[in-house]
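Here's the structure we're looking at; comments come further down.
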Amino acid sequence: MLLLLFVAVPVLWVLLFRYRRRRMYELASKIPDGGLELPVIGAAHKFIGTTEVATDPVDLEMVLKTCLEKDDLHRFLRNIIGYGGIFAPVPIWRPRRKILLPAFSPKIVDSFVPVFVDQSRKLAEKLEERAGENKFSAWPFISSYTLDSVCETALGVKINAQGNDKSPFLVELNSILQLACERIFHLWLQPDWLYKLFPQHKKHEHSVKALHSFTNDVANPIVIIKYHKRSSALAARAKAAKEVLAKLGAAKRAGRKCGRVTMLLLLFVAVPVLWVLLFRYRRRRMYELASKIPDGGLELPVIGAAHKFIGTTEVATDPVDLEMVLKTCLEKDDLHRFLRNIIGYGGIFAPVPIWRPRRKILLPAFSPKIVDSFVPVFVDQSRKLAEKLEERAGENKFSAWPFISSYTLDSVCETALGVKINAQGNDKSPFLVELNSILQLACERIFHLWLQPDWLYKLFPQHKKHEHSVKALHSFTNDTFLDLLIHFSGGEKGYSNLELREEILTLTIAATDTSATAVGYTLKMLAKYPDIQQKVLQELDEVFGDSDRLFEKEDLMKLKYLERVVKETLRLFPPVPFIIRKVEEEVSLPSGRVLPAGSGVVVTIWGAHRDPHYWGPDAEQFDPDRFLPERFDLKHPCSYMPFSNGPRNCVGYQYALMSIKIALTSVLRSCRVVPDMEPSATPQIRVKLDIMMKAVDGYEIALERRK
Ligand code: HEM
């Protein structure tokens with residue numbers, strides 16, 4: 001037994017291992033550099049990191065188009081984030097990618113500008129506090145910025161990592177990625193049974209638990225709430241649509257039978273008469289009871305004394321009666337339909353069958369713990385309110401309404417939608433204007449009978465204003481990625497909660513460190529090359545002057561030099577320096593190399609970006625102007641691909657560029673990076689690899705205030 005265990009089994013295993021990989025060894029032996037053969041894996045390791053395969057953009061293009069499967073090593077990442085897009089096997093990835101793509105359309109990415117602007121201002125403030133000090137690591141600041149932005153855009157949640165030096169999510173995220181990296185690079189940590197014997201396993205379990213508890217605390221209630229909200233909304237909408245269609249069908253059938261004259265008669269005489277009769281018949285008990293109300297008084301033509309039930313003090317002030325009414329009459333009055341057609345079946349005005357399940361879902365979102373988490377929003381917004389009111393101190397009487405309503409609107413939008421609409425900073429906030437207009441219109445309909453029937457309302461000018469305001473209001477409720485994924489995956493029949501959480505966690509991980517690394521490297525480049533920094537600052541001054549105005553989407557187009565600097569930084573220091581794909585079927589590359597089935601292939605973005613054949617003899621030098629339109633001549637699409645290439649490339653590249661540029665703009669409008677000159681045009685930064693490629697020094701920089 002013991003002999004079998006210690007000798008025969010390993011020997012058999014090695015033989016089987018080599019036999020299965022015989023084609024791989026055969027091809028690997030043809031790699032010209034020869035070199036080391038390792039005992040178990042032979043020369044197969046040459047497929048990992050061989051520059052021949054990885055740096056030729058022509059080969060790279062083929063690899064990225066044909067090898068869509070991620071290498072098996074990704075299983076150490078999959079067991080953290082599940083089958084979220086980035087590392088998912090192709091059959092799972094393909095349909096998910098289809099759903100993900102429209103969520104990154106330019107229009108949607110553009111709608112996130114206010115989030116980036118807001119979060120980048122916080123980043124700038126935090127960094128400004130360190131201005132004048134010695135060098136410090138910019139990494140915690142930048143990565144908190146990217147995490148905050150991602151959580152707000154993906155989930156609509158403000159986690160305020162920037163306000164919390166030791167954001168638990170970031171700590172655990174860094175720890176788990178480091179552990180995954182350690183597993184990838186240490187063979188003995190790879191088999192699960194062996195890993196369990198090492199102390200890393202305990203840390204790993206702890207971090208996974210912590211990360212999932214984050215998604216449970218923060219994302220889960222929201223995922224569930226939004227998911228269910230969306231489901232019942234869809235169900236309600238489908239039902240309403242069916243009813244309307246049914247009614248339309250009936251009306252059409254009736255229409256065919258009637259002649260023109262009968263139609264006219266029906267329209268002008270019979271219908272109103274029938275309507276009044278029906279109206280009175282249905283309210284017969286109401287009239288009977290109303291006649292008993294002692295104050296007598298006006299009887300109106302159509303509604304008789306029914307109006308006495310609206311606002312009579314007898315009914316309304318007796319708490320004993322009130323209690324009964326509030327317990328038994330849960331349905332809202334029909335007049336609410338004029339509000340419903342603005343906000344749909346949102347809780348407040350929904351009919352009871354829709355309201356009841358929604359209420360159950362809504363309640364936990366108002367738990368004391370969640371409400372407590374909104375304190376920073378109220379603090380922040382109320383300070384703005386105080387500032388605004390203070391400006392009016394010493395003046396004559398003024399209406400406080402616009403100030404207070406802007407405060408509540410700002411707070412509500414931030415806590416409910418995760419969107420800062422800055423109504424307080426804008427006297428004529430379009431959202432407030434439209435909101436006031438629509439509520440006034442709804443009120444007008446409620447109190448004017450002739451505006452109530454939909455077909456009649458359409459004839460009045462109010463209808464046009466109403467349509468305009470509803471459209472405008474809907475355009476303000478910015479969708480988060482979560483909403484979009486629910487929507488694009490098919491709403492009710494779409495992603496399960498688990499799938500949603502996987503996708504959202506994936507987005508969070510894919511977007512946080514990558515963009516933060518890019519900001520970090522760019523700041524270091526600006527320190528190394530002060531003349532380049534000067535040009536960036538000059539461009540910012542031309543666009544923004546001395547003003548403190550908020551960044552607007554249109555500014556992105558104007559900051560052309562900054563864009564070149566970011567692109568050149570991404571060329572020399574791509575945050576994802578290589579990608580490992582799996583070769584499922586043998587692939588013959590254009591260069592003649594053959595990749596055996598079952599091997600892994602390393603696509604070195606780093607190598608392609610520094611290849612003198614494509615970038616010239618000065619390929620290693622930092623020169624943003626090589627991206628000038630007149631100089632830029634991309635010889636091959638895979639010679640520049642910080643966001644990869646082919647069908648499985650980065651979906652978030654526009655989002656990333658926007659987030660990076662807005663962060664840099666906010667920081668550089670208030671501070672300059674203190675020069676730390678690089679003696680040559682070839683920048684030297686010590687880097688380390690932990691899934692992303694990061695600077696060893698944590699992006700140490702020093703800052704000074706510009707004003
Ligand atoms: C500078 C910042 C970023 C860099 C350098 C970067 C780089 C990459 C690269 C190289 C890949 C492709 C891997 C492959 O080909 O196998 C990728 C995939 C991906 N990235 Fe990014 N990324 C960045 C930012 C973002 C952001 C901000 C988001 C989302 C908001 C994002 C979401 C994704 C997703 C979902 C995938 C998987 C796509 C798929 O497999 O279909 N990335 N990224």
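Reckoned from all heavy atoms, side chains included, excluding hydrogens, waters and symmetry mates. Every number for a ligand or one of its atoms is a count from 1 in the order of the listing.
- Of the charged side-chain nitrogens involved, at least one lies within less than 4.0 Å of a carboxylate oxygen, so that Glu568 and Arg571 count as a salt-bridged pair.
- Close contacts of ligand 1 with Arg97, meaning ligand atoms under 4.0 Å from a residue heavy atom, involve 38 (C), 39 (C), 41 (O).
- Between Asn645 and ligand 1, not a single N/O pair is under 3.5 Å apart.
- Of all the heavy atoms of Arg648, the ones lying under 4.0 Å from any atom of ligand 1 are found in both the backbone and the side chain.
- Lys528 places a side-chain N or O within 3.5 Å of a backbone atom of Gln684 that can act as its donor or acceptor partner.
- Considering backbone and side-chain atoms alike, Tyr655 places every N or O at 3.5 Å or more from each N or O of ligand 1.
- Ligand-side atoms of ligand 1 in range of Leu100: 35 (C), range being under 4.0 angstrom from any heavy atom.
- Only the side chain of Arg581 comes within 4.0 Å of ligand 1, judged by heavy-atom distances.
- The closest non-hydrogen atom to atom 20 (N) of ligand 1, taken over Ser149, Cys650, Ala103, comes from Cys650.
- A distance-only check finds no donor-acceptor pair linking the side chain of Gln654 to the backbone of Val109 [under 3.5 Å].
- For atom 6 (C) of ligand 1, the choice among Tyr521, Phe643, Phe104 with the nearest heavy atom turns out to be Phe643.
- Annotation for ligand 1: atoms under 4.0 Å from non-hydrogen atoms of Trp93 are 39 (C), 40 (O), 41 (O).
- With respect to the salt-bridge test (charged N to carboxylate O, under 4.0 angstrom), the residues Arg626 and Asp618 qualify.
- Using a 4.0 Å cut-off between a side-chain N of Lys or Arg and a carboxylate O of Asp or Glu, Asp555 and Lys558 qualify as a salt bridge.
- Ligand-side atoms of ligand 1 in range of Pro642: 5 (C), 7 (C), 10 (C), range being under 4.0 angstrom from any heavy atom.
- Using a 4.0 Å cut-off between charged side-chain N and carboxylate O, Arg631 and Asp623 make a salt bridge.
- If you look at Thr514 next to ligand 1, the close heavy atoms, those under 4.0 Å, come from the backbone and the side chain alike.
- Residue Asn649 approaches ligand 1 through these ligand atoms, each under 4.0 Å from one of its heavy atoms: 38 (C).
- Looking at Ser207 and Ser175, their side chains do bring a donor and an acceptor atom within 3.5 Å of each other.
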